[in-house]
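Some notes on the structure that comes next.
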Amino acid sequence: MHVISLISGKGGVGKTTLTTNLAIALGQRGKRVLVIDLDPQNAVRLHLAMDPGDDAGLVREGIFPEVIFHSPFGVDFIPFGRVTEEELLEFESALEARPQWVATAIQGLRVAAYDYILLDTPPGATVYLPQALKAAERALIVVLADAASYTSLSKLFKLLAEYGVQDTYPPTSTTTHILLNQMQENSELGQQVRTALMNTYGAKMAPMVIHRDAMVPEALAYERSVLQYEPDAPASRDIQHLADWLRTTA
Ligand SMILES: Nc1ncnc2c1ncn2[C@@H]1O[C@H](COP(=O)(O)OP(=O)(O)OP(=O)(O)O)[C@@H](O)[C@H]1O
Ligand SMILES: [Mg+2]
């Protein structure tokens with residue numbers, strides 16, 4: 001069972017889109033995949049076609065085999081859940097007191113025999129970030145090819161170093177890679193940021209980028225995954241490469 005967290009310093013970079021599509025790509029390879037939504041935005045449900053009237057999720061019900069949903073895309077998921085402000089505050093202070101909560105709960109899912117568990121997170125330094133890092137053996141840091149993403153990275157790496165020195169359960173350190181999303185080959189700024197990232201972070205860069213592709217939001221509007229909606233779209237091919245790379249390196 002491989003646990004992978006998708007994280008970012010900045011918001012709106014494509015974590016949820018990539019988490020769910022990567023899960024579907026791994027599912028297409030015959031892998032058993034579970035997505036856990038650790039983001040109060042509760043958006044994984046939208047990408048995996050959950051019944052809009054259903055409020056269920058891990059805040060109220062925890063992370064157990066019994067609360068797993070099955071999506072029509074061949075992957076399973078546990079949504080964050082729709083909760084009140086009061087429930088959210090209470091949940092987050094409980095998480096703060098128990099930074100291993102998600103890691104321990106995931107160990108309890110071993111009976112469900114997943115090959116991959118993917119964790120979606122909110123951006124930046126939230127109470128969910130240490131949870132996601134302690135639970136995962138590897139993290140993908142999603143960035144855009146812009147200056148804000150670039151500058152957010154050093155701050156994020158400082159945070160990761162802080163968490164890395166704490167005890168982890170299971171006792172492995174998290175391998176991190178930077179994944180550039182929404183790359184536009186014809187953008188000069190994009191190319192410059194990509195070069196700067198390569199120069200600064202070199203081996204930490206994932207060996208592929210995900211291109212900006214209008215089919216990604218279009219597929220979501222039709223409640224489809226871009227992988228099924230337009231399998232030959234550049235973003236679909238990139239996500240398939242990402243899935244193959246993760247499979248061969250994890
Ligand atoms: N490769 C891509 N090409 C085109 N659009 C993309 C691509 N990746 C993501 N998007 C679009 O970018 C927007 C933000 O994506 P998403 O919600 O996945 O980001 P996020 O990092 O999860 O955001 P948040 O930090 O709010 O959780 C969405 O409209 C999504 O369709
Ligand atoms: Mg998101």
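All ligand and atom numbering here is 1-based and tracks the order in the structure. Numbers for residues simply follow the sequence, beginning at 1.
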Exercise for the section: Starting from the C-alpha separation in whole Å, work towards a yes-or-no answer on side chain to side chain donor-acceptor pair (under 3.5 Å) for Arg212 and Ser187. Expected result: CA-CA 11 Å; Arg212 176 174 292 181; Ser187 150; over 6 Å; no
Practice task
Decide yes or no on side chain to side chain contact (heavy atoms under 4.5 Å, CB included) for Lys31 and Val75, but give the supporting numbers first.
Solution key: CA-CA 9 Å; Lys31 301 294 172 190; Val75 302; over 6 Å; no
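For atom 28 (C) of ligand 1, no protein heavy-atom neighbour is present inside the 4.0 Å cut-off.
The closest donor-acceptor contact from the side chain of Asn181 to the backbone of Val142 lies at 3.5 Å or more, if one exists at all. Ser236 places a side-chain N or O within donor-acceptor distance of the main-chain N or O of Glu230, the cut-off being under 3.5 Å.
Shortest contact from atom 26 (O) of ligand 1 to any protein heavy atom: Gln41 NE2, 3.0 Å.
For atom 12 (O) of ligand 1, the nearest non-hydrogen atom from the set Met215, Gln184, Gln182, Arg212 belongs to Gln182. Closest heavy-atom approach to atom 4 (C) of ligand 1 within the set Asp37, Asp213, Thr19: this belongs to Asp213.
Under a 4.0 angstrom heavy-atom cut-off, Pro123 registers as being in contact with ligand 1. Using 4.0 Å as the threshold, Leu220 has no heavy atom nearer than that to any atom of ligand 1. Not a single heavy atom of Ser8 sits under 4.0 Å from any atom of ligand 1.
Atoms of ligand 1 lying under 4.0 Å from any heavy atom of Val13, numbered from 1 in the order shown and given with element: 19 (O), 20 (P), 21 (O). Taking a cut-off of under 4.0 Å to the non-hydrogen atoms of Asp39, the atoms of ligand 1 that pass are 27 (O). In summary, the atoms of ligand 1 found under 4.0 Å from a heavy atom of Gly11, numbered by their order in the structure, are 25 (O). Less than 4.0 angstrom separates some heavy atom of His211 from each of these atoms of ligand 1: 1 (N), 2 (C), 3 (N).
Residue contacts with ligand 1, taken as heavy atom pairs separated by less than 4.0 Å, do not involve Asp120 at all.
Lys10 and Ser152 share no side-chain donor-acceptor pair at under 3.5 Å. Arg138 and Thr249 share a side-chain donor-acceptor pair at under 3.5 Å.
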